[in-house]
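Accompanying notes for the structure given below.
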Protein chains: 2
Amino acid sequence: MANTRLEILKKYYKKNRRLPSYSEMLKLFNLSSKNSVFKIVNKWIDENFLKKINGKLSPTSKFFALPLLGNIKAGFPILAEENKNYLTLDDYLIEDPSTSFLLKVSGDSMTGVGIFEGDIVIVEKKKIPTIGDIVLAQIDREWTLKIFKKDRKKHTNYLEAANPKYPPLYPLQELQIYGVVKAVIRKFN
Amino acid sequence: MANTRLEILKKYYKKNRRLPSYSEMLKLFNLSSKNSVFKIVNKWIDENFLKKINGKLSPTSKFFALPLLGNIKAGFPILAEENKNYLTLDDYLIEDPSTSFLLKVSGDSMTGVGIFEGDIVIVEKKKIPTIGDIVLAQIDREWTLKIFKKDRKKHTNYLEAANPKYPPLYPLQELQIYGVVKAVIRKFN
DNA sequence: CTTGACAGTGAACAAATGTTTACTATATAA
DNA sequence: TTATATAGTAAACATTTGTTCACTGTCAAG
């Protein structure tokens, strides 16, 4: 299989977080001429798995991307090579690593929007929230994860749970927004 | 700030998916002696942001990791430098990239386990499921995402929705498992 | 005032890198 | 059969790489 070497390369990258040098690929692919590697790499560049910017080799997003399959309800063979889209998880989830952090969720106040106890939430710091955003906030010195809302009559912002059993939270003194929830992830097992 | 350069480096890596060479860092950091870079890099190695394996530089997981903060209910300042854990999303979510793919979910049959319409699910191919796993399966030629169950009395496997409004699915002819759901992700906005 | 740590410069260099050119073997298609 | 594309080898080489050594200026602590 022609793909096998690419798989080896991907595994190498996954493990070492960098591409191997040509000499390293030599060993990796069990070849004995650097020129073989040179040709193979050039083919991958043509196929857009790798690219070269002023002589420096780096992987493209195609290199990392996982196939993203569509609608599961439609009866046709979704695993076919067609109708494939690709997605790189890290790029998809994290816009700005320097202002993002993860937060392990506790409590059941956000079950209505599918955020459960134990889920991990990606929070982007310091963003001014839009009405309706899920925010990490400190309301009267109490930390919480809620929906950011505006009361038009009272001209104040308040927080709302996504679970009918919790009442809306109006700040007595202070409502401070620390970040906006960009995504949730949940791992099974 | 001493961290600024590390931020620059992280951005470079995020963009180019590789570390810059020392000469490239020279420009990146606005320095004029390679030896300066050499020393800076060595400090980062000491601090475990980078590492060197037979002379080859690569980032550690600390380099990528986002801070993972704990229990939000507990009233103390969770954004403090302490009680920090770190997590690398890609590593956390994807064990084997070569057998994993993503699937955009449609339908409301799995809302009970917090999988909603539009969510993206990470599926690992060809795994033999454990009872209770969420599986991507073909039941009587129909594709679906359900919970894998075993009927002890009838000695057959069947599929169960995570939504009371859908009945359990017993295969008339064939139940074929294509993969196991390892994680869900949902992006807001 | 001095000492030492810290941050940076500059030059020199062996080793490794990516690239080029020329050649071989094998299989496939005309 | 004869081409011709594909996959690989081998050697040679300029360029770039990471590293070492010697040096300068600055700032804070003793």
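We use all heavy atoms of the structure for the numbers below, so side chains are in, but hydrogens, waters and symmetry mates are not. To find a chain, count down the sequence lines: A is the first, B the second, and so on, and within it residues start at 1.
For the residue pair A:Ser21/A:Glu24, the side-chain donor-acceptor check at 3.5 Å is satisfied.
B:Lys27 places its NZ atom 15 Å from the P atom of C:dT9, with the value rounded to the nearest Å. Atom CZ in A:Phe38 sits about 15 Å away from atom C1' in C:dA22, given to the nearest Å. Rounding to whole angstrom units, CG of residue A:Leu26 and P of D:dA11 are separated by 13 Å. Taking atom CD of A:Glu47 as the reference point, atom C1' of D:dT6 lies 14 Å away to the nearest angstrom.
Between the side chain of A:Glu117 and the backbone N or O of A:Gly107, at least one donor-acceptor pair lies under 3.5 Å. The closest donor-acceptor contact from the side chain of A:Asp151 to the backbone of A:Asn157 lies at 3.5 Å or more, if one exists at all.
At most 12 heavy atoms of other shown residues, nucleotides or ligands fall within 6.0 angstrom of atom CD in B:Glu95. The local environment of NZ in B:Lys62 is crowded, with over 12 non-hydrogen atoms from other residues, nucleotides or ligands closer than 6.0 Å. Residue A:Lys52 places its NZ atom among more than 12 non-hydrogen atoms of other residues, nucleotides or ligands, all under 6.0 Å distant.
Between the side chain of B:Lys34 and the base of D:dG18, at least one donor-acceptor pair of N or O atoms lies under 3.5 Å. A donor-acceptor contact under 3.5 Å links the side chain of B:Ser33 to the base of C:dG10. The base of C:dT21 sits with one of its N or O atoms less than 3.5 Å from a complementary donor or acceptor on the side chain of A:Asn35.
Residues meeting the side-chain hydrogen bond (donor to acceptor under 3.5 Å, both in side chains) test with B:Lys39, sequence neighbours left out: B:Asn35. Looking at residues two or more places apart in sequence or on another chain, you find a ring-ring contact (aromatic ring centres under 6.0 Å, His included) between B:Phe63 and B:Tyr13. With sequence neighbours excluded, the residues that form a ring-ring contact (aromatic ring centres under 6.0 Å, His included) with A:Phe29 are A:Trp44.
The residue among B:Asn30 and A:Asn42 whose nearest nucleotide of DNA chain C lies closer to the 5′ end is B:Asn30.
Residues B:Lys182 and B:Asp96 are not paired through a salt bridge, judged by the lack of any N-O separation under 4.0 Å between the basic side chain and the carboxylate.
When B:Ile115, B:Ile120, B:Val184 are each tested for a side chain to side chain contact (heavy atoms under 4.5 Å, CB included) with B:Val105, only one passes: B:Ile115.
Contacts between residues 48-62 of chain A and DNA chain D, defined by a heavy-atom separation under 4.0 Å, are made by A:Lys56. Contact check of residues 11-25 of chain B against DNA chain C (heavy atom, cut-off under 4.0 Å) returns no residues at all.
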Heteroatom pairs (N/O) under 3.5 angstrom, protein to nucleotides 4-7 of chain C:
from, atom 1, to, atom 2, distance (Å)
C:dA7, OP2, B:Lys43, NZ, 3.3

